[in-house]
Amino acid sequence: MISKQKEKKVEPIYEKLAPGEILIISKEGNCITYAANEKGKIVMKKVCITEEN
C-alpha cells in the first residue's frame, strides 16, 4: 500500500527575477509576502504596513 505522502508530487514554481526586481506573492490584511532578487540571490520577506494618523 502506497502512503498518501508518496502519491503527492511536489512541483516547484519558478519566476525569474531580474536584479533589483520584486515579486509580490501574497497579501494578508496589512502584510505582504514577496520575493526579491538581491545581488543574484532570491530572498523571501514579509512586511507589514501600519497606519499612523
Side-chain angles (χ1 to χ4, degrees):
M1 184 172 183
I2 299 174
S3 71
K4 292 277 183 185
Q5 282 186 345
K6 289 184 181 181
E7 289 179 14
K8 290 183 181 180
K9 181 180 177 184
V10 176
E11 183 178 345
I13 299 172
Y14 297 96
E15 179 74 28
K16 186 171 182 173
L17 299 175
E21 200 170 55
I22 295 173
L23 172 68
I24 296 175
I25 296 172
S26 67
K27 180 179 182 252
E28 293 179 50
N30 291 337
C31 299
I32 60 168
T33 301
Y34 66 94
N37 182 338
E38 293 182 356
K39 298 181 182 177
K41 291 187 178 184
I42 301 298
V43 293
M44 301 273 300
K45 294 185 180 179
K46 184 174 185 175
V47 64
C48 297
I49 301 167
T50 58
E51 288 185 34
E52 290 187 28
N53 294 332

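This one's a predicted model, so the numbers in the text were calculated from it and none came from an experiment. In what follows, every heavy atom counts, from backbone to side chain, and hydrogens, waters and symmetry copies are set aside. Residue indices begin at 1 and follow the sequence shown.
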Here the pair of heavy atoms bringing K16 nearest to E21 is O-OE1, 3.8 Å

Going by chain and number, the hydrophobic cluster around M44 (ILVMFWY, side chain to side chain under 4.5 Å) further includes I25

Besides I24, the hydrophobic cluster formed by Ile, Leu, Val, Met, Phe, Trp and Tyr side chains linked at under 4.5 Å, directly or via other members, contains I22, I32, Y34, V47

Could you pull out all donor-acceptor pairs under 3.5 Å where a side-chain atom in residues 36-43 meets a protein atom, sequence neighbours excluded?
from, atom 1, to, atom 2, distance (Å)
N37, OD1, G40, N, 2.9
N37, ND2, L17, O, 2.7
E38, OE2, K45, NZ, 3.1

